[in-house]
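A quick note: this is a predicted structure, and the numbers were derived from the prediction, not measured.
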Amino acid sequence: MLIEAFSEAKDPSAPHMNEDRLVILPGRAYAVIDGVTDRLGTRYDGMLAGQYAAVVVKGALEHMLSAPAGPKNGHEIVRALTARIESAYKAHNILEKAQSDWNVRISAALALVLVQDETLEVVLVGDSGVRINGVHTFRMEKDLDLITSILRQQAWPVIGERTSDPEKREQMSRRVTWHGTRQPLDAVADTLNAGDMALIERRAIEANVKALPHVPRPDIENLVQGGIVNAQGGYQNNASMLLGYPCLDGFMVPEPMIQIESLPRAEVETIEIFSDGYFKPGDGFGVAAWERAFAEAEREDPAKVVLYASPKGSIGSTWADDRTYIGVRF
């Protein structure tokens, strides 16, 4: 067996801020955990919420999968991880607040592969992915993320008319995506005016309606106007909504939202697990191949507004997101 793994923070000079974590239990389980970036800057045990969530999930996962009597399938594992995060809320005396305010929740995405005697079980909660034998990729695509990515894409040229400073342009485009087009104007007044925000809103709604004709227009308007902070949380673990998406956040993850795939172990030669910091997959197995693909994506579209639309882009020496890869060759 060959195992390769790599993880880097969005700011390589601050590796302690990495919100990704990985789990490697050879012959038993492999996982990539992507902590959801905190919306308010809240800290738990000295860590931002996304990093804290990833640490909690990693510790709980390693503990339960190392125990002989631990959970044996994906649904049991997700329930156990949910209970562990709930315990973390209780430890910080914020369970009641987390129930009513999604912005204080600690959340993480999980991509897990369980190795069993005859099968491999892929378990996905969120948008990290798993590639099998270099050709079959399992990953949850979120229309919700595409809406906020298109919002930023439409804001980009408008902001570019107001500033030639690339760092300011990136900062302001993230601000629009994060807080939406109906945020207080004084927050963007040094770069954008009311007319600019109205133009961005109109273009973003039109572009999203065209790109996502199956999504109700009110949902598109909600996310464009409210942004990630003010609108996205209402869709988290909400199976009743078209844009609902799963996430480990200490509250029930509806079972239909958990993606589980069972594969014959004898037919699997390689497993690759990756977080969404990789905007392009490697053309082969291993860290080197995936890092080449990462470098290519950075050359092709560093701002992530053309080929790889994203709610945030890279600027200077800071990448758009943390990234993590695990490769296992049997």
Side-chain angles (χ1 to χ4, degrees), residues 1-9 18-37 47 50-68 70-85 88 106-117 119-133 136-140 245-250 253 255 257-263 265 268 270-278 281-282 285-287 290 321-330:
M1 181 187 296
L2 170 67
I3 300 173
E4 296 191 17
F6 177 81
S7 186
E8 183 172 71
N18 193 341
E19 294 175 318
D20 286 358
R21 290 293 185 275
L22 51 83
V23 170
I24 299 175
L25 299 173
R28 183 169 295 187
Y30 309 90
V32 166
I33 303 153
D34 182 359
V36 176
T37 300
M47 294 176 278
Q51 189 177 46
Y52 181 65
V55 168
V56 169
V57 171
K58 172 184 169 68
L61 198 58
E62 289 177 335
H63 178 75
M64 71 177 70
L65 294 180
S66 298
K72 301 301 181 185
N73 62 60
H75 288 124
E76 289 181 7
I77 289 171
V78 171
R79 287 194 294 269
L81 292 174
T82 297
R84 179 62 187 87
I85 296 175
I106 56 176
S107 308
L110 171 69
L112 166 68
V113 176
L114 296 172
V115 181
Q116 298 168 335
D117 291 339
T119 62
L120 294 180
E121 188 170 290
V122 175
V123 182
L124 298 179
V125 182
D127 54 6
S128 294
V130 174
R131 188 169 73 171
I132 302 295
N133 294 339
H136 299 296
T137 299
F138 300 103
R139 189 178 185 188
M140 294 180 174
Y245 66 96
C247 189
L248 294 170
D249 67 355
V253 183
E255 287 195 358
M257 301 184 82
I258 304 168
Q259 183 176 349
I260 296 180
E261 307 286 342
S262 185
L263 309 168
R265 181 173 177 177
V268 176
T270 62
I271 300 166
E272 295 173 289
I273 313 175
F274 56 94
S275 65
D276 62 352
Y278 284 100
F285 173 88
V287 171
W290 281 73
D321 207 347
D322 309 316
R323 68 188 187 281
T324 299
Y325 168 89
I326 298 174
V328 182
R329 184 189 297 278
F330 292 106

Is a side-chain donor or acceptor of [X] paired with a backbone partner of [Y] at a separation under 3.5 angstrom?
{"X": "Arg265", "Y": "Val115", "value": "no"}
{"X": "Asn133", "Y": "Thr270", "value": "yes"}
{"X": "Ser275", "Y": "Thr324", "value": "yes"}
{"X": "Glu121", "Y": "Gly74", "value": "yes"}
{"X": "Glu4", "Y": "Gly286", "value": "no"}

Study note, to complete from the structure: Taken in chain and number order and not counting sequence neighbours, the residues that satisfy salt bridge (Lys or Arg N to Asp or Glu O under 4.0 Å) with Asp322 are Lys10
Kindly indicate whether the side chain of [X], heavy atoms from C-beta on, has any atom under 4.5 Å from the side chain of [Y].
{"X": "Ile132", "Y": "Ile271", "answer": "yes"}
{"X": "Leu61", "Y": "Arg84", "answer": "no"}
{"X": "Leu112", "Y": "Leu65", "answer": "yes"}
{"X": "Pro281", "Y": "Thr137", "answer": "no"}
{"X": "Ile85", "Y": "Asp249", "answer": "no"}
{"X": "Ile77", "Y": "Leu114", "answer": "yes"}

Looking only at heavy atoms, what is the nearest atom pair of [X] and [Y], with distance?
{"X": "Leu110", "Y": "Ala31", "result": "CD1-CB, 4.1 Å"}
{"X": "Phe330", "Y": "Val268", "result": "CD1-O, 3.6 Å"}
{"X": "Ala109", "Y": "Ser128", "result": "CB-OG, 4.4 Å"}
{"X": "Met64", "Y": "Ala80", "result": "CE-CB, 3.5 Å"}
{"X": "Ala108", "Y": "Ala53", "result": "CB-CB, 4.2 Å"}

Exercise for review: Check side-chain contact (heavy atoms from CB on, under 4.5 Å) between Val36 and all other residues, then give those that pass, not counting sequence neighbours.
Suggested key: Ser107, Cys247
Review point. Residues two or more places apart in sequence or in another chain: which of them pass side-chain contact (heavy atoms from CB on, under 4.5 Å) with Met47?
Key: Asp45, Gln51, Tyr52, Val55
Out of curiosity, [X] [atom1] to [Y] [atom2], how far, rounded to the nearest 0.5 Å?
{"X": "Leu124", "Y": "Gln259", "atom1": "CG", "atom2": "CD", "value": "5.0 Å"}
{"X": "Ile326", "Y": "Ile273", "atom1": "CD1", "atom2": "CD1", "value": "5.0 Å"}
{"X": "Asn18", "Y": "Arg323", "atom1": "CG", "atom2": "CZ", "value": "9.5 Å"}
{"X": "Ser7", "Y": "Leu22", "atom1": "OG", "atom2": "CG", "value": "6.0 Å"}
{"X": "Asp34", "Y": "Asp276", "atom1": "CG", "atom2": "CG", "value": "5.0 Å"}

**Study point:** Salt bridge Arg28-Glu62, side-chain N to carboxylate O under 4.0 Å
**Key:** no
**Study point:** NE2 (His75) with more than 12 external heavy atoms under 6.0 Å
**Key:** yes
Practice item. Using the side-chain contact (heavy atoms from CB on, under 4.5 Å) rule, take Arg21 and Val57 through it: C-alpha gap first, then chi angles, then the decisive distance, then the call. Key: CA-CA 9 Å; Arg21 290 293 185 275; Val57 171; over 6 Å; no
Practice item. Test Trp290 against every option in Phe6, Phe285, Tyr325 by the ring-ring contact (aromatic ring centres under 6.0 Å, His included) rule and name the one that passes. Key: Tyr325
